[in-house]
Amino acid sequence: MSAERARAAGRIAAGAWVALILSVLCWPLGTPTVGWATTAIAFLPLLMPLPGLARGTRRTQSWAPLTLGPVLALALTEVLVNPAARARVAVTLALVLAAFSALLAALRAAPRG
């Protein structure tokens, strides 16, 4: 695979990651049922791989999906038990899937070594 294709896949992965972060930040804005503490628990782990994803480093792309666990667990919980926040959190679940898929695509496109 070409280096340009790998860079493009890395940019898409970083963009999906930023969209995911923004969607998590929108959780407490509509209805006050999702608190800031819950939002912080989901949001803070997503910040750890952001500098490496912006640079497009393969090592960061390989461990970044590990930080999706808290947001995935909290989003699934909110979808199941909180009807008022269901629409916003469903968008977040879709973005978790998109970010995970984009990271896998970026890893497959990146040169090994």
Side-chain angles (χ1 to χ4, degrees):
M1 306 228 172
S2 70
E4 178 146 341
R5 185 173 179 185
R7 280 192 298 273
R11 284 193 300 268
I12 291 170
W17 201 267
V18 170
L20 175 62
I21 288 172
L22 292 175
S23 79
V24 170
L25 285 176
C26 290
W27 283 3
L29 298 180
T31 57
T33 57
V34 179
W36 285 103
T38 305
T39 303
I41 291 170
F43 170 73
L44 291 175
L46 295 177
L47 293 179
M48 291 188 305
L50 196 57
L53 291 176
R55 286 190 305 270
T57 58
R58 182 177 168 82
R59 183 172 177 171
T60 303
Q61 291 171 347
S62 66
W63 65 262
L66 295 173
T67 64
L68 292 174
V71 70
L72 180 64
L74 289 169
L76 283 173
T77 303
E78 290 295 326
V79 161
L80 293 174
V81 300
N82 191 353
R86 195 166 281 157
R88 281 189 316 277
V89 178
V91 169
T92 302
L93 283 174
L95 286 170
V96 166
L97 178 64
F100 184 75
S101 301
L103 283 170
L104 288 179
L107 282 170
R108 287 190 52 101
R112 296 179 187 203

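Note: hydrogens, waters and symmetry copies are ignored here, and every other heavy atom, side chains too, is used. It should be emphasised that the depicted structure is a prediction, and the values quoted were computed from it without experimental measurement.
- The shortest heavy-atom contact between Ala106 and Gln61 is CB-NE2, 3.8 Å.
- Every residue meeting the side chain to side chain donor-acceptor pair (under 3.5 Å) condition with Glu78, not counting sequence neighbours, appears here in chain and number order: Asn82.
- Cluster membership for Val18 and Ile12, using ILVMFWY side-chain heavy atoms within less than 4.5 angstrom, is not shared.
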Considering only distance and modelled atom types, tabulate donor-acceptor pairs under 3.5 Å from the side chains of residues 40-51, sequence neighbours left out.
none

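- Looking at heavy atoms from C-beta onward, Val24 lies out of side-chain contact with Leu74 at the 4.5 angstrom threshold.
- Of all non-hydrogen atoms in Trp17 and Ala64, the two that sit nearest each other are CH2-O, 3.4 Å.
- Partners of Thr77 according to the side chain to side chain donor-acceptor pair (under 3.5 Å) rule, which considers only residues two or more places apart in sequence or in another chain, do not exist here.
- The minimum heavy-atom distance between Ala16 and Ala99, with the atom names listed, is CB-CA, 3.9 Å.
- Residues Trp63 and Leu68 fall into different hydrophobic clusters, defined by Ile, Leu, Val, Met, Phe, Trp and Tyr side chains chained together at heavy-atom separations under 4.5 Å.
- Remark: Ser23 pairs with Thr92 by the side chain to side chain donor-acceptor pair (under 3.5 Å) rule, at least two apart or across chains.
- Placement of Val71 and Leu97 in two distinct hydrophobic clusters is found when ILVMFWY residues are connected by side-chain heavy-atom separations under 4.5 Å, directly or transitively.
- Residues that satisfy the side chain to side chain contact (heavy atoms under 4.5 Å, CB included) test with Ala98, not counting sequence neighbours, are absent from this structure.
- Under the rule for a side chain to side chain contact (heavy atoms under 4.5 Å, CB included), the partners of Ala19 that lie at least two apart in sequence or sit in another chain are Leu95.
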Evaluation steps, side-chain contact (heavy atoms from CB on, under 4.5 Å), between Leu72 and Phe100: CA-CA 11 Å; Leu72 180 64; Phe100 184 75; over 6 Å; no
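- Across Ala109 and Arg5, no two heavy atoms sit closer than the pair CB-O, 4.3 Å.
- Here Thr39 pairs with nothing under the side chain to side chain donor-acceptor pair (under 3.5 Å) rule; sequence neighbours left out.
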